[in-house]
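Nothing here was measured: the structure is a model prediction, and the numbers come from that model. Letters go in sequence order (proteins before strands), and every chain restarts at 1.
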There are 2 protein chains.
Amino acid sequence: MRLLIVEDEPRMATALQRGLVAEGFTVEVAFNGPDGLHLARENSYDAIVCDIMLPGLSGYRLIQALRAEANWVPVLVLSAKDGEYDEADALDLGADDYLVKPFSFVVLLARLRAVLRRGVRPRPAILSCGDLSLDPAARAVRRGDTEIELTPREFSLLEYLMRRAGDAVSKADILHHVWDAHYEGDANVIEVYVGYLRRKIDLPFGRHAVQTVRGAGYRLATDGG
Amino acid sequence: MRLLIVEDEPRMATALQRGLVAEGFTVEVAFNGPDGLHLARENSYDAIVCDIMLPGLSGYRLIQALRAEANWVPVLVLSAKDGEYDEADALDLGADDYLVKPFSFVVLLARLRAVLRRGVRPRPAILSCGDLSLDPAARAVRRGDTEIELTPREFSLLEYLMRRAGDAVSKADILHHVWDAHYEGDANVIEVYVGYLRRKIDLPFGRHAVQTVRGAGYRLATDGG
DNA sequence: GAGTGCCGATGCGGTTGCTGATCGTCGAGG
DNA sequence: CCTCGACGATCAGCAACCGCATCGGCACTC
């Protein structure tokens, strides 16, 4: 397992390096943001351990840059900050885990292993299909540059379809995940809401992202229609 | 997105439920370990939020039981303990993330979203014979680059033939698997539907994937005709 | 009380599944 | 090579179903 540590504090950096090498990892170290980004671009690491406060380029921006290039290498963020919003921000930005300094090395190891076990994340923080994108955290949907307003129910329906983009999703599945498991009503509500969705994300743009699969359910086109 | 909360403290459980429902999740609650395990087995959740200290069956055991059954639903663990080894244990046991009480709801949300984002659903293999391919999950059939629309019955007939590509499949087998085990009708339906299939996947392309084996049934050419 | 989101009911129209009848084809035996 | 019977292909037509739009009422919020 090959790791990249991005950490400007020399003592912390070497301590981490020694500990992780002793655990059998192959470790490289960058002491500032730009170097870290460069190494991450040029090499393929199994995971990156990254401080937030970095000279030249913050950890946030580093993750953002990688994710923008569709590089989904797992990133574990270290930070001296402890405001809760920092953590939420880091995760929504595409970090895979977050540790507040001071942390225990044992915990770092466990979280690192958990992150490695999961491997490369298949999907970014923002779901997207072609020019259609949905940000679960911001509760925002856009078609290209146009922001689209959805009601809560419409939003969860689209979110579920987007998470399973490309699959034909049965109405029973939709009822269970978007409505309630014990929902007893008519499956017709789905048709109604699919209709609403299409009226907002497809028709005005002459697209067909939400496809009907007769007898099977619905499918969201992976290319957004 | 459908969640299961396993939490014995009623106030905590309802607080979580309300907060998550307000965020647009579909939420179910179990107040003890065995109930939680039962629900998790019977239903397909997008994620589980699970307390560690539970009456009847600890959160650890719950995860262990699920993982032993090859159920990889993402699990986010909550705990009042704060010993570092607890956290390491939980992650090594197969939990996907870990929060120590008291935690902030914003952080829970962010971590939950991170966990959901990772949700890997192993895609069933795509069946293919030559340039003919069938994707059971997407319910899509293509000949080369051309997408072909099939009705549900046509689709399951082709799927069955493709799963047994190269074999001569008797009509009795087909009736049994594509129609109903107790189907009492005329075996002529098969001939009719084989006709429909050929009209869609063979004739327009001048191919002969669906071959008649007189007296024995039908065979799908492994090379797609 | 106006506005918004949600959901059940109803009705229309196209699609699908199936049947029964007819037509075509294969191959063994004369 | 021809005949005939059995098997398979095709066709038209009907009934049930499915997807979709629309309307009206209910609950909640502002």
Side-chain angles (χ1 to χ4, degrees), chain A residues 139 141 148-161 168-204 208-220, chain B residues 18 21-26 139 141 148-161 168-180 182-204 207-220 225:
Chain A
R139 261 196 131 60
V141 176
I148 296 175
E149 301 268 327
L150 296 184
T151 72
R153 192 69 80 180
E154 290 163 1
F155 188 90
S156 348
L157 173 59
L158 180 59
E159 181 182 358
Y160 187 62
L161 289 176
V169 185
S170 76
K171 294 189 186 180
D173 269 12
I174 295 177
L175 267 190
H176 281 152
H177 286 84
V178 179
W179 272 259
D180 193 273
H182 315 296
Y183 183 81
E184 298 278 324
D186 196 337
N188 171 255
V189 275
I190 297 175
E191 292 154 14
V192 172
Y193 274 82
V194 165
Y196 294 160
L197 254 195
R198 290 207 247 240
R199 233 170 284 170
K200 292 188 177 179
I201 69 173
D202 275 343
L203 296 189
H208 295 280
V210 185
Q211 306 171 335
T212 303
V213 187
R214 271 191 91 87
Y218 297 92
R219 177 176 49 209
L220 198 85
Chain B
R18 281 200 197 139
V21 164
E23 286 291 323
F25 293 97
T26 303
R139 238 188 158 69
V141 176
I148 297 175
E149 302 264 328
L150 296 184
T151 71
R153 190 69 81 185
E154 290 162 2
F155 188 90
S156 46
L157 173 59
L158 179 59
E159 183 179 359
Y160 186 62
L161 290 176
V169 186
S170 77
K171 295 190 185 178
D173 268 10
I174 295 176
L175 268 190
H176 213 260
H177 286 90
V178 178
W179 272 258
D180 192 88
H182 318 294
Y183 183 79
E184 300 273 323
D186 194 339
N188 172 253
V189 276
I190 297 175
E191 291 152 15
V192 172
Y193 273 84
V194 165
Y196 294 159
L197 254 194
R198 290 207 248 239
R199 226 171 291 168
K200 291 188 178 180
I201 70 173
D202 275 343
L203 296 189
R207 311 289 283 281
H208 296 280
V210 186
Q211 304 170 339
T212 304
V213 186
R214 271 188 98 82
Y218 297 92
R219 176 176 51 215
L220 197 85

Next item on the list: Give the dot-bracket string for DNA chain D, reading 5' to 3', where a pair is Watson-Crick or G-U wobble with both distances under 3.5 Å, ( ) marks pairs inside the strand, [ ] marks pairs crossing earlier ones, | marks a partner on another strand, and . marks unpaired.
Entry: ||||||||||||||||||||||||||||||
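- Whole-Å rounding puts the B:Asp180 CG to C:dG17 P distance at 15 Å.
- For B:Tyr218 and D:dA9, the shortest distance from a side-chain N or O to OP1 or OP2 is below 4.0 Å.
- Between atom NE2 of residue A:His208 and atom CG of residue A:Leu203 there is a gap of 7.5 Å, rounded to the nearest 0.5 Å.
- The distance between atom CG of A:Leu175 and atom P of C:dC6, rounded to the nearest whole Å, is 15 Å.
- The CZ atom of B:Arg198 sits 9 Å away from the C1' atom of D:dG8 (whole-angstrom rounding).
- Closest heavy-atom contact between B:Thr26 and A:His176: CG2-O, 4.1 Å.
- Looking at the side chain of A:Thr212, the nearest of the listed nucleotides D:dG19, D:dG8, C:dT19 is D:dG19.
- Between A:Lys200 and A:Thr151, some side-chain heavy-atom pair lies under the 4.5 Å cut-off.
- Neither side chain, B:Arg139 nor A:Ser170, offers a donor N or O lying under 3.5 Å from an acceptor on the other.
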Item checked: Contact state string [nucleotides 22-30 of chain D, B base, S sugar-phosphate only, - no protein heavy atom under 4.0 Å] -> B--------
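- Ionic pairing of A:Lys171 and A:Glu191 is present here: one or more N-O contacts between side-chain nitrogen and carboxylate oxygen are shorter than 4.0 angstrom.
- In this structure, B:Gln211 atom CD and D:dG8 atom C1' are separated by 15 Å, rounded to whole Å.
- Here the P atom of nucleotide D:dA21 and the CD1 atom of A:Ile190 are 15 Å apart, to the nearest Å.
- Using a 4.0 Å cut-off, some side-chain N or O of B:Lys171 falls inside it from OP1 or OP2 of D:dG8.
- Across all their heavy atoms, B:Tyr218 and B:Thr212 have their closest contact at CE2-OG1, 3.8 Å.
- Under 4.0 angstrom from either OP1 or OP2 of D:dG19 there lies no side-chain N or O belonging to A:Arg214.
- Across all non-hydrogen atoms, the minimal contact from A:Val194 to A:Leu157 is N-CD2, 4.0 Å.
- Here the side chains of B:Val169 and B:Val213 are not in contact, with every heavy-atom distance at 4.5 Å or above.
- Looking at A:Arg153, its side chain has no donor and acceptor atom pair within 3.5 Å of the base of C:dC6.
- Taking side-chain N and O atoms only, A:Tyr193 has no distance below 4.0 Å to OP1 or OP2 of D:dA21.
- Smallest separation of non-hydrogen atoms from A:Gly215 and B:Pro152: CA-CG, 3.8 Å.
- To the nearest angstrom, P of D:dA21 lies 8 Å from CG of A:Leu203.
- In this pair, A:Trp179 and A:Tyr193 present their aromatic rings perpendicular. The plane angle is above 60°, beyond the 30 to 60° band.
- We find that CZ of A:Phe155 is positioned 15 Å from P of C:dG5, with the value rounded to whole Å.
- When the side-chain nitrogen and oxygen atoms of B:Trp179 are compared with OP1 and OP2 of C:dG17, none of them lie within a distance under 4.0 Å.
- Proximity of B:Thr151 to the phosphate of C:dG17: a side-chain N or O atom is located under 4.0 Å from OP1 or OP2.
- Following rounding to the nearest Å, B:Arg219 (CZ) and D:dG8 (P) show an atom-to-atom distance of 14 Å.
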